[in-house]
Amino acid sequence: MREDQVARLQALSESLGEVVIHEVDPGNWPGAAKDPADLTQQERGDRYWSKKNAAATMTLLLKVVNITGILNKQKPGKDADDAAEELDGELAAAERAAQAIIDRMQKGGHVH
């Protein structure tokens, strides 16, 4: 990637970070002021969707941050295959971490 593209991705990661902060806030989920037993079926579905959407946005943010971090660490002359392997490993780790968060959310756990 060109340096200007990396810089633009870094700027977008800041915007994505703000979106993640907003989306993971339980106060912004449908039925936030209600006890779970008082939620309508629609609110439960919308709340579940909100959690999944927040997790997906977080996954996207993690990928962008990992990609830009790796691209920034690359030294001129570094073998492209080594860089691709490193990137694949970082992305796989980020995806596993995001999936663990999604799994905890689906089981009713808390995300830290």
Side-chain angles (χ1 to χ4, degrees):
M1 290 186 83
R2 297 185 322 257
E3 282 192 39
D4 67 306
Q5 292 172 321
V6 174
R8 288 181 11 226
L9 277 175
Q10 286 173 322
L12 287 172
S13 71
E14 291 180 25
S15 296
L16 277 171
E18 291 298 323
V19 173
V20 167
I21 289 168
H22 180 76
E23 289 181 355
V24 301
D25 182 352
N28 293 327
W29 298 343
K34 292 183 175 182
D35 287 330
D38 296 332
L39 294 173
T40 66
Q41 183 176 5
Q42 179 72 39
E43 288 169 330
R44 285 191 309 272
D46 289 350
R47 186 177 182 107
Y48 178 75
W49 179 87
S50 293
K51 292 176 187 180
K52 287 186 67 85
N53 191 62
T57 305
M58 188 178 300
T59 300
L60 180 61
L61 174 60
L62 288 170
K63 287 181 179 188
V64 171
V65 168
N66 283 332
I67 289 170
T68 55
I70 288 169
L71 292 173
N72 281 330
K73 287 192 295 187
Q74 285 184 2
K75 310 264 189 290
K78 185 173 186 177
D79 184 56
D81 289 335
D82 290 342
E85 274 185 42
E86 184 179 351
L87 180 59
D88 288 343
E90 293 281 339
L91 287 174
E95 287 173 350
R96 284 191 302 273
Q99 187 60 50
I101 292 169
I102 291 169
D103 292 344
R104 284 194 304 270
M105 289 174 69
Q106 290 175 341
K107 291 178 184 172
H110 297 284
V111 178
H112 300 282

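These numbers come from the heavy atoms of this one structure, side chains and all, not from hydrogens, waters or symmetry mates.
- Annotation: side chain to side chain donor-acceptor pair (under 3.5 Å) contacts involving residues 32-44, sequence neighbours excluded, comprise Lys34-Glu43, Thr40-Glu43, Gln42-Asp46.
- For the pair Asn53 (side chain) and Trp49 (backbone), a donor-acceptor distance under 3.5 Å is absent.
- Evaluation of the side-chain contact (heavy atoms from CB on, under 4.5 Å) rule for Val6 yields Met1, Gln10, Thr68, Leu71, Asn72 as partners, not counting sequence neighbours.
- Here the closest heavy-atom approach between residue Ala54 and residue Val24 is recorded as CB-CG1, 3.9 Å.
- The line from CG of Leu9 to CD1 of Ile67 is 7.0 Å long, rounded to the nearest 0.5 Å.
- Once rounded to the nearest 0.5 Å, the distance linking CG of Leu16 with CG of Leu62 reads 10.0 Å.
- Atom OG1 of Thr57 is separated from atom NE2 of His22 by 10.5 Å, given to the nearest 0.5 angstrom.
- Nearest heavy-atom pair across Ala32 and Gly27 is CB-O, 3.4 Å.
- Sequence neighbours left out, not one pair with a member in residues 13-25 passes salt bridge (Lys or Arg N to Asp or Glu O under 4.0 Å).
- Listed by chain and residue number, Leu61, Val64, Val65 satisfy the side-chain contact (heavy atoms from CB on, under 4.5 Å) test with Ser13 (two or more places apart in sequence, or in another chain).
- Residues satisfying the side-chain contact (heavy atoms from CB on, under 4.5 Å) test with Asp4, not counting sequence neighbours, are Arg2, Arg8.
- Scored by the salt bridge (charged side-chain N to carboxylate O under 4.0 Å, His left out) test, Lys63 finds Glu95 as partners (sequence neighbours excluded).
- With sequence neighbours excluded, the residues satisfying side-chain contact (heavy atoms from CB on, under 4.5 Å) with Lys52 are Tyr48, Gln106.
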